[in-house]
Visitor: 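My questions all concern the structure below.
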Amino acid sequence: MENINQCLGARIRNYRKMKKLTLQQLADQIHKSRATVSKYETGEITLDIETLFEISKVLDVDLSRLADYRPDEQPPLTPAVDYSGESPFFKADRLYFYFYDGRYHRLKEAVIDIHKNVVDKDGCCDASMSIRSSTPTGRSSEIYYNGSVLYSDMLIRFSFVNCYNKLEQDLLYIFNPLELRDYTEGLLCGISSADLMPCAFKCLVTLNPSTDYENLQQHLLLSVKDLRRWQKMNMLIVDNNS
């Protein structure tokens with residue numbers, strides 16, 4: 001029972017943080033005390049199904065995502081995936097990525113948080129992402145996604161769903177660099193909810209945030225060399241120039 005409570009509590013805590021809610025804010029919305037919600041998250045108190053349902057509504061997450069407990073699931077503080085490899089991208093709890101959106105002629109940046117204490121039977125960890133962009137007038141906007149991450153020797157795959165539009169799903173593939181460095185390249189692809197068209201963007205993923213936007217943009221634009229190589233291989237080309 002203790003492992004069940006810990007797993008449920010860890011998931012509630014992760015989804016609460018994704019929603020950027022404090023303990024007190026969640027407590028107020030389910031009509032419980034802050035101390036009680038804190039004990040839910042640490043696994044000290046067993047949750048009844050009615051309270052769990054209320055929490056799932058507040059956090060805007062399916063009840064099954066919170067309550068999908070498996071007996072062989074590891075306790076939340078013991079990841080079921082081995083992150084002892086040398087790659088810093090396997091060890092990172094937070095990544096930053098950038099891509100140039102040619103539809104709007106601007107660079108977009110995002111933050112990915114990886115929650116390694118929530119691991120399913122296939123070795124997928126929960127992950128969340130927020131994409132931020134600024135218009136030429138200085139107005140900024142942010143879009144939030146929930147999903148999962150799966151690791152392999154050469155690739156790391158993120159699967160995300162837009163928190164406010166469940167039809168929008170994105171895949172982010174990044175290459176695990178063979179040498180130790182703080183950046184790598186990847187591909188972001190999916191169906192755009194803005195114009196209902198398939199889209200793919202070359203992206204750069206880093207371990208630390210960057211403010212050198214001019215160089216980032218130049219790195220992310222598709223080059224003539226890129227286009228020639230893809231044409232030679234007879235691959236589908238998605239150009240980010242309008």
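Just so it is clear, the structure is predicted and the values come from calculations on it, not from any experiment.
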Visitor: Count the heavy atoms of every other residue, nucleotide or ligand shown that sit under 6.0 Å from CZ of F53, and state whether that count exceeds 12.
Guide: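 Counting neighbours around CZ of F53, 12 or fewer heavy atoms of other residues, nucleotides or ligands fall under 6.0 Å, so no.
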
Visitor: Output the rest of the hydrophobic cluster of L187: all Ile, Leu, Val, Met, Phe, Trp and Tyr residues reachable through side-chain heavy-atom contacts under 4.5 Å, sorted by chain and number.
Guide: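 Cluster partners of L187: none, it stands alone.
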
Visitor: Could you list the residues that satisfy side chain to side chain donor-acceptor pair (under 3.5 Å) with Q29, not counting sequence neighbours?
Guide: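 Partners of Q29 under the side chain to side chain donor-acceptor pair (under 3.5 Å) test: none.
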
Visitor: Kindly say whether the aromatic ring centers of Y151 and F90 come within a distance under 6.0 Å.
Guide: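 For Y151 and F90, the ring centres are under 6.0 Å apart.
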
Visitor: As a quick check of understanding, evaluate side-chain contact (heavy atoms from CB on, under 4.5 Å) for I114 and L95, giving each step before the final call.
Guide: CA-CA 8 Å; I114 302 163; L95 295 171; 4.2 Å; yes

Visitor: State, to 0.1 Å, how close L188 and F99 come at their nearest heavy-atom pair, and which atoms those are.
Guide: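 Distance-wise, the nearest heavy atoms are CD2-CE2, 3.8 Å.
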
Visitor: Mind checking what makes side chain to side chain donor-acceptor pair (under 3.5 Å) contact with S210, not counting sequence neighbours?
Guide: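 Partners of S210 under the side chain to side chain donor-acceptor pair (under 3.5 Å) test: none.
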
Visitor: For K17, give me all partners under salt bridge (Lys or Arg N to Asp or Glu O under 4.0 Å), at least two apart in sequence or on another chain.
Guide: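 For K17 there are no salt bridge (Lys or Arg N to Asp or Glu O under 4.0 Å) partners, ignoring immediate neighbours.
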
Visitor: Of all residues at least two apart in sequence or in a different chain, which pass the side chain to side chain donor-acceptor pair (under 3.5 Å) check with Y40?
Guide: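 Expected list: none.
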
Visitor: Of all residues at least two apart in sequence or in a different chain, which pass the ring pair (Phe, Tyr, Trp, His ring centres under 6.0 Å) check with Y145?
Guide: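 Per chain and number, Y145 pairs via ring pair (Phe, Tyr, Trp, His ring centres under 6.0 Å) with no residue.
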
Visitor: For residues 31-50, pull every pair meeting salt bridge (Lys or Arg N to Asp or Glu O under 4.0 Å), keeping only residues two or more places apart or in separate chains.
Guide: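 Every salt bridge (Lys or Arg N to Asp or Glu O under 4.0 Å) pair that includes a residue of residues 31-50, provided the two are not neighbours, is R16-E41.
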
Visitor: With sequence neighbours excluded, tell me which residues meet side chain to side chain donor-acceptor pair (under 3.5 Å) with D60.
Guide: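 If we apply the side chain to side chain donor-acceptor pair (under 3.5 Å) test to D60, skipping adjacent residues, there are no hits.
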
Visitor: Considering residues at least two apart in sequence or located in another chain, which fulfil the side chain to side chain contact (heavy atoms under 4.5 Å, CB included) criterion with Y164?
Guide: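 Testing Y164 for side chain to side chain contact (heavy atoms under 4.5 Å, CB included), a comparison that skips the adjacent residues, returns Y144, N162.
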
Visitor: Can you find a side-chain donor-acceptor pair between N146 and S128 that sits under 3.5 Å?
Guide: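 Distance-only check fails for N146 and S128.
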
Visitor: With sequence neighbours left out, write down each residue that passes salt bridge (Lys or Arg N to Asp or Glu O under 4.0 Å) with D28, or none if nothing qualifies.
Guide: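 Checked D28 against salt bridge (Lys or Arg N to Asp or Glu O under 4.0 Å); zero matches.
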
Visitor: Test of understanding: with side chain to side chain contact (heavy atoms under 4.5 Å, CB included), list the residues that count as partners of S159, not counting sequence neighbours.
Guide: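 Per chain and number, S159 pairs via side chain to side chain contact (heavy atoms under 4.5 Å, CB included) with S148, R157, L171.
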
Visitor: If hydrophobic clusters are built from ILVMFWY residues whose side chains come within less than 4.5 Å, do L23 and L26 share one?
Guide: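 Yes, same cluster.
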
Visitor: Of all residues at least two apart in sequence or in a different chain, which pass the salt bridge (Lys or Arg N to Asp or Glu O under 4.0 Å) check with D93?
Guide: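 For D93, the residues satisfying salt bridge (Lys or Arg N to Asp or Glu O under 4.0 Å) (neighbours in sequence not counted) are K116.
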
